[in-house]
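Worksheet: the structure to be examined is printed underneath.
In what follows, chains are A, B, ... by sequence order, proteins preceding strands, each numbered from 1. Values reported hereafter were calculated over all heavy atoms of this structure, with side chains retained and with hydrogens, waters and symmetry mates removed.
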Amino acid sequence: MSLCLQARQLACERDDRWLFEGLDLDIQSGEIVRIEGPNGSGKTTLLKILSGQLTDYRGELYWNGEPMRQAREHFLANLLYLGHAPGVKAGLSPLENLAWYQALSGEKGSEPAREAALAAVGLAGFEDVPAGQLSAGQQRRVALARLTLTQRALWVLDEPFTAIDRQGVAALEAQLVAHAQSGGCVLVTTHHALTESPVLRRIQLG
Amino acid sequence: MSLCLQARQLACERDDRWLFEGLDLDIQSGEIVRIEGPNGSGKTTLLKILSGQLTDYRGELYWNGEPMRQAREHFLANLLYLGHAPGVKAGLSPLENLAWYQALSGEKGSEPAREAALAAVGLAGFEDVPAGQLSAGQQRRVALARLTLTQRALWVLDEPFTAIDRQGVAALEAQLVAHAQSGGCVLVTTHHALTESPVLRRIQLG
Amino acid sequence: MHAPQGGLMVAIKATLKRDLTLMLRRRGEVLNPLVFFALVITLFPIGISPDPELLASIAPGLLWVAALLAALLSLDSLFRSDYDDGSLEQLLLAPQPLAALGLAKVAVHWLLTGLPLALMAPLLGIMLSLPAGSYAVLALSLALGTASLSLIGAIGAALTVGLARGGVLLSLLVLPLYIPVLIFGAGAVQAAIFGEGIAAHLAILGALLALALMLAPWAIAASLRISING
Amino acid sequence: MHAPQGGLMVAIKATLKRDLTLMLRRRGEVLNPLVFFALVITLFPIGISPDPELLASIAPGLLWVAALLAALLSLDSLFRSDYDDGSLEQLLLAPQPLAALGLAKVAVHWLLTGLPLALMAPLLGIMLSLPAGSYAVLALSLALGTASLSLIGAIGAALTVGLARGGVLLSLLVLPLYIPVLIFGAGAVQAAIFGEGIAAHLAILGALLALALMLAPWAIAASLRISING
Amino acid sequence: MWAFINKLRSPKWFYAISAKLQPLFWVAATLLLLVGTVWGLAFAPADYQQGNSFRIIYVHVPAAFLAQSIFVSMAVSGLVFMVWKIKVADMVATVMAPLGAAMTFVALFSGAVWGVPTWGTWWMWDARLTSMLILLFLYLGVIALRGAFSSRDSGSRAASVLAMVGVINIPIIKYSVDWWYTLHQPATFTITGRAAMTMDMWAPLLIMVLGFYSFFIALTLMRTRSEILRREANKRWVRELAEETN
Amino acid sequence: MAFSSLNEFFAMGGHAVYVWAAWGVTALLMLVIVWHARQERRQLLNVVKRRARRENAQRNAQPSHAQPLQEPVNSAQKDVHHDA
Ligand code: HEM
Ligand SMILES: Nc1ncnc2c1ncn2[C@@H]1O[C@H](COP(=O)(O)OP(=O)(O)OP(=O)(O)O)[C@@H](O)[C@H]1O
Ligand SMILES: Nc1ncnc2c1ncn2[C@@H]1O[C@H](COP(=O)(O)OP(=O)(O)OP(=O)(O)O)[C@@H](O)[C@H]1O
Ligand SMILES: [Mg+2]
Ligand SMILES: [Mg+2]
C-alpha cells in the first residue's frame, strides 16, 4: 500500500493573524510526521484542516494526487483521527465503545479481537466498567485501543500522549514506529520528547 | 511561614478495589511532593481528598496539627488547587478570569499585576481575547497565571504540564522549585520526567 | 490501502444499538420527558381552574402543547453529549453518509420520547376530562406528529450543539417551525371531539412527516458539519 | 502563611460582575427566556382556540405557567458551565462562605430572567385579552414569584449539575416545589380580575420569598458540595 | 452569467459598484417616501368606513410586504453563499436580517394600533397576524443563531441553513394558519374583502411601497459596504482605500 | 387636500392617537436605522484608518516586517456587529 496526503499553499487566519501561510506538506507511506510549535501556534488547527473538519482555510489538499473534494470518501476510509477529546462515551463500557467504532467503519469485528486490543493498552480487567469511572489516562487508553483494532493507513493524532503514564508512552511510541515501518503513516503533535528514528520527520510551526 | 498537611491511615476504595490503604503522608514547607503511579492508580482521587473535595474516604487529615474539620477555613485560605479542568471561563478574557479569581480570595488586585502575571506565562497580547478562542495550551496557561498572581502557600496541581510546550514546562518547573525554596509547598502529579532537585520527594501509588 | 466499504447497515444498526443502550442504561432519561409532560399537565388545572368543563374544552390544545414542550426539551441532549466527549467528531469522520447516521439517532430519540409520550397522553386526557372517543386519535396524532417534531428539532439541536447554552436558543429556532404540526395535531383531536372527519388532518400530518423525512436528514448533516467547525 | 481574610464583599461583587458580564456579553442569552415565554404563549391560542373570551378566562393561568417554564428552563445553565470548565471546583475551594457566593449567582439570574419576564408579561396579557386592571398585579406577582422560583430552582440546578442530562430531571425535582408559588401568583391575578383583595396573595408570595431567601442559600451550598463529590 | 457570479466573488468589485448605485436608491427612496407621506397623510381621501385611521395603511402594508420579501431574499442569499461560497452574499444576508425584523415589527405594531379603532382590540389570533408574529420569531432566531457562534464563518453558514429551512416552512405555516383559523370560526374580519380602493387611495400606497423597497435596497447596499470594511479590514485594498480617504 | 385646517390635520378625525403612533414609530425606527448605519460606517472607517496609520508607523520604525496585529479592533468589531 502506498498513499500520500499533500497540501499546497495552505493558509489559515485567526483573529487577523496568520497561523500559517503558504504551507506545503507531503506526507507519504512509511513516515511519522511530527508537527511542532509552541502553544497557540496552530498545530490543532492544522490537523483539523488536514483531516477535513475545518473548512475555513485557503489552499488545496490532495489525497493520492486527487483533489480532496473528490477523494474524500476514500480518504475517510483510510483515516483514523484522535483529537484533544478522546471520543469515549462515559456511559458505555470500553468494549461497547470499541464495538461502535468498528461498526462505524462498516465492519462487525469480533469480541475477542476487541478484548485483545483492550488488553494491549493495559485495560484488561476494565472491559465492562463504564468508561466514565475510569481515570483520565485510562479513558485515553480506550481511544488508543482503536489504533490496534481498526486497520487504517493514516493516523492523525493530536497530543496522543496526554495523561498517559511513562510505560504507556514508550509502548505507544513503539507502536507508531511499527505502523510507519509497515507502510502506514502518522501525523502527530506532542510536547513530549520523542526518541529519534529514521522514519521521524519534523515540521515547525509558529 | 511554616505549614504542614498530614494524612493518617488514609484509604479509598473504588469498585471493590482499594486504590490506597493505610497511607500516611506529611507535607511540609519547602517541599515538592510528587505523587507517582500508572494510569488509574488513584493520583487524582488522592489530590481531591487532600484538597477536601471528596469525602468518600477513611482516615484523618490534619492541617498544622489541627483536624481538617476545624482548620478548613484557614486551610482554604492557603490552598491553590488546579485540576484536570483548568477553570477558565471561555466567555471571559484572561484578564477578567484572573480578576475573578483574585476577588474570590478577597483581594481586589490591580490590573497591572494581572497583566504582568499574564505576560509571565507568555500570554502578552492575548489579554483581551475571549479565553474560548485560545489554544489548549494557552487556556491552561491562563490558569497557571494564578500561581504568580495569588499568594498561597500550598499548591495542589493535577497534571499541570498537560498541553504546555517545552519551554513552558521548564519555566513552570523552575517556578515550582522557587516556590518550595521560598517556603511554600507543592503537591503535584505528572507523567513528565521532572529534573532532580533536593526539594523533590516522590510518593508511589498503585 | 482501503477502498470505501459498504457496511452502511452495520454502522446504522450499531448506532441504533448504541444510542438505545445509552438511553436505557439510565432509565431515568426515558422517564424524564414523560414526567415533565405529566407535571406540566398538572400545573394547568392548578394555575387556571379545576372546572372540568373548562378543562375539557381546552384539553386537546393543552395536551398537544405540553407534549410538544416535553419533546422539545429532550432534544437538547440529542447531540450534545456526543459533542462534548468528541464522539461527534468521530461520527463525522466515519466513512459513511452522515445523513443516514443522523437519522438513526433521531429514530432512537423518537422511539424513546415521542412514542412513549403518545402512549401516555390518553391517560392524562382522562385527568383533563377529555371527551370520550378522541383518545385513539390523540395517541395517533401525537405518534405521527412527534416524529416530525423530532426530525425538525434535530436540525435545531445540530445547529446549537456547539454553543455553550443551546437550550433556550434551540426553542427559539424550532418552535416557530413546530406550529404547522401543532395546528393539525390539535386539530385532529378537536375534529374527533366534534365528530368531524379526521382523515384530512391525519393525512396532512403524514405529509408533513414525509416532507421532514426527505429534507431533514440533509439539513441535520449540514448543520452538524457547521457545528464541528466551531 | 495567610489567615482567612475578610473581603467577602469583594468576592460577592466580583461574582456579580462576572456573571453579569458573561450573560450580557451574549446579548442573546438575556433575550432567550423572553422569547421562549412569548413563543409558548403563542402556542396556546394556536393549539386551543383563538376565541378571545375563552383565552381571557384562562389567561392568568397560562401566563403564570409559561413564565414559570421559561424561568425553569433558564435554570439549567446556572451552574452547568461553571461545572464543565472547572470554575465550580474553584468556587467551592474559595475561602469564602459558599452560600453567599451562590446567592450572588442566583441574584444575577433573577435580575436577567425573572425581572424581564415580569416586565414583559403585561404585553403578552394584551395578546391573550387579559381583562384590564390586572396588568400591574400580573407584573408584581411575577416579579415577587420569580425570585422565589430562582432560589428554589437553584437548589435543583445545584443538585443536578453533575449529571449528564440534568435538564428534564431538574424540572422533575423543582416543579413540585413551584406549585405553592404558582397557586398564589396566579391567584393574585385572578383576584385582581374579579375585583377581590390582592393583599393576602401578595403577602403570602412575599412570605414564601422570605422563607426561600433564608433557607435556599444553605441548601444550594450543600447541594453544590454533593455534586462536586460526584 | 458566470462572469457576473465570478465578479460577485470579489468584495472589492461589489464595494466599487455599490458606491455608484447607492446614491441612486437613496434619492429614489427619499423622493418616493416624501411624496407618498404627504399624499397619503394629507391628500388621500378618508375612508368612508374607517375615517382617517385608514391612513395607517401607508406604513402598514409596505412594511408587511417588505418583511416577507426580506426573508425570502435572505434565504436566497444564504443559498448562494452555501452553494457558490460567495462571501458578499452572506454579508448581504447578515445586514438584511435586522432590517427584516424591524419591518416585521413595524407591520405588527401598526397593525395592532390600527386594530383598536377598527376591531376594538389590539390583537386577535387571526391567521395573518399570527403568521406575521411567527415570522418575527424566525427573524429573531436567525439573528440570535448568527450571533451565538464565535467563528464568523460557522455563524454565517448556520444562519444560512436556518434561513433556508425557515423559508420552506413559511408557506407551510401560512397555509396551516389559514386552515386553522377557518376551522374554528368564520372569518369575522377579512383584511382583503373590502371594496376596491379608489385611485386616490391606491396611488400613494404604490408610491410608499416602492419607497420602502428603495429604502431597503439603499440601506442594504450601505450596510453591506460597512460589513465589507469590517470583514476585509486587513486586506491591502481596504488599507489603500483608507489612506486615500485620509 | 383632505383637511381644511392644520388642526384638523393633526386631529385626524378623532383617530390622531392611532395614526400618529403608527406613523411616528415607523418614522422613528427608520431614522434610527439610518443613523445607526451611518454611525457604523464612520466608526469602521476610523478603525481602518487608525490601523493603516499605525502600520505605517510600525513599518517606518522597523522596516524589516510588519508585526501581526493583536488590536482592540476585534472587540470594537464585535460591539458594532450585534447592534441594531
Ligand atoms: C397586528 C395586527 C396586524 C398584522 C400583523 C397584519 C399583517 C398584515 C400582513 C402580513 C399584510 C400583508 C399581506 C400580504 O402580503 O398579502 C397585511 C396587509 C394588510 N392589512 Fe394588516 N395586519 C394587522 C392588522 C390590520 C388591521 C387592523 C387592518 C385594518 C382593518 C389591516 C389592514 C390591512 C390591509 C388593508 C392590508 C393590505 C391588503 C392586502 O394586501 O391583502 N391590517 N397585514
Ligand atoms: N467517579 C468514579 N466512580 C468510580 N470509580 C472511579 C471514579 N473515578 C475514578 N474511579 C476509579 O478510581 C481509579 C483511580 O482514578 P484516578 O482518576 O484517581 O486515577 P489517576 O491516578 O489520576 O490516573 P491518571 O494517571 O489516568 O490520571 C480508576 O481506576 C477509576 O476506575
Ligand atoms: N475557535 C477559535 N476561534 C478563534 N481563534 C481560535 C479558535 N481556535 C483557536 N484559535 C486561535 O488559533 C490559534 C492556534 O490554536 P491551536 O489550537 O491550533 O494551537 P495549538 O498549536 O494546537 O496549541 P496547543 O499546543 O496549546 O494545543 C490560537 O492562538 C487561538 O487563539
Ligand atoms: Mg492543540
Ligand atoms: Mg488523574
Side-chain angles (χ1 to χ4, degrees), chain C residues 22-23 26 28-29 31-36 38-40 42-49 51 54-55 57-66 68-70 72-77 80-81 84-85 163-172 174-176 178-179 182-183 185-187 189-190, chain D residues 22-23 26 28-29 31-36 38-40 42-49 51 54-55 57-66 68-70 72-74 76-77 80-81 84-85 113 163-172 174-176 178-179 182-183 185-187 189-190:
Chain C
L22 275 170
M23 296 272 281
R26 321 186 150 207
E29 306 273 293
L31 290 179
N32 279 341
L34 293 180
V35 176
F36 180 82
L39 274 170
V40 172
T42 7
L43 289 183
F44 284 114
I46 294 174
I48 294 173
S49 125
D51 173 27
L54 179 61
L55 285 179
S57 70
I58 57 175
L62 288 188
L63 285 165
W64 249 93
V65 171
L68 187 151
L69 289 178
L72 174 69
L73 296 184
S74 63
L75 269 174
D76 187 39
S77 59
R80 186 168 299 280
S81 77
D84 288 341
D85 63 19
L163 308 175
R165 303 189 191 170
V168 197
L169 180 59
L170 173 61
S171 322
L172 172 57
V174 298
L175 276 183
Y178 276 7
I179 284 178
L182 173 63
I183 288 178
V189 185
Q190 257 154 357
Chain D
L22 274 171
M23 296 273 280
R26 318 187 153 209
E29 308 269 293
L31 289 179
N32 280 341
L34 293 180
V35 176
F36 180 82
L39 270 167
V40 172
T42 321
L43 291 182
F44 285 114
I46 291 175
I48 294 172
S49 131
D51 174 26
L54 178 62
L55 287 177
S57 71
I58 58 177
L62 290 187
L63 285 165
W64 249 93
V65 171
L68 187 151
L69 289 177
L72 176 69
L73 295 184
S74 63
D76 187 40
S77 59
R80 183 167 302 280
S81 77
D84 288 341
D85 63 20
T113 311
L163 309 175
R165 304 188 194 172
V168 196
L169 179 60
L170 172 61
S171 321
L172 176 55
V174 174
L175 276 184
Y178 277 7
I179 286 178
L182 174 63
I183 291 177
V189 184
Q190 255 151 0

Euclidean distance, [Y] [atom2] relative to [X] [atom1], rounded to 0.5 Å:
X: D:Ile48; Y: C:Trp64; atom1: CD1; atom2: CH2; answer: 14.0 Å
X: D:Leu73; Y: C:Leu72; atom1: CG; atom2: CG; answer: 8.0 Å
X: C:Asp76; Y: D:Asp76; atom1: CG; atom2: CG; answer: 7.5 Å
X: D:Leu62; Y: C:Leu62; atom1: CG; atom2: CG; answer: 7.0 Å

- Message: Is C:Leu63 close to chain D through its backbone or its side chain, or both, or neither, when contacts mean heavy atoms under 4.5 Å?
- Response: neither

- Specify which of C:Ile179, C:Val40, C:Leu43 makes the most heavy-atom pairs with chain D at under 4.5 Å. C:Leu43

- Query: Which one of D:Leu39, D:Asp84, D:Leu69, D:Val35 has the most heavy-atom pairs closer than 4.5 Å to chain C?
  - Reply: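 Looking at each of D:Leu39, D:Asp84, D:Leu69, D:Val35 in turn, D:Leu39 comes out on top.
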
- Closest heavy-atom contact between C:Ala186 and D:Gly47?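 It is CB-O, 3.6 Å.
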
- Check whether D:Leu182 gets within reach of chain C through its side chain, its backbone, both or neither, counting any heavy atom under 4.5 Å.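 Side chain only.
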
- Message: Run the side chain to side chain contact (heavy atoms under 4.5 Å, CB included) test against D:Thr42 and tell me which residues pass, sequence neighbours left out.
- Response: D:Ile46, E:Trp125, E:Leu133, E:Phe137

- Heavy atoms, side chains only, cut-off 4.5 Å: are C:Leu54 and D:Ser57 in contact? yes

- Task: Mind checking ring-ring contact (aromatic ring centres under 6.0 Å, His included) for C:Phe44 and listing every partner two or more places apart, or none if nothing turns up?
- Result: D:Phe44

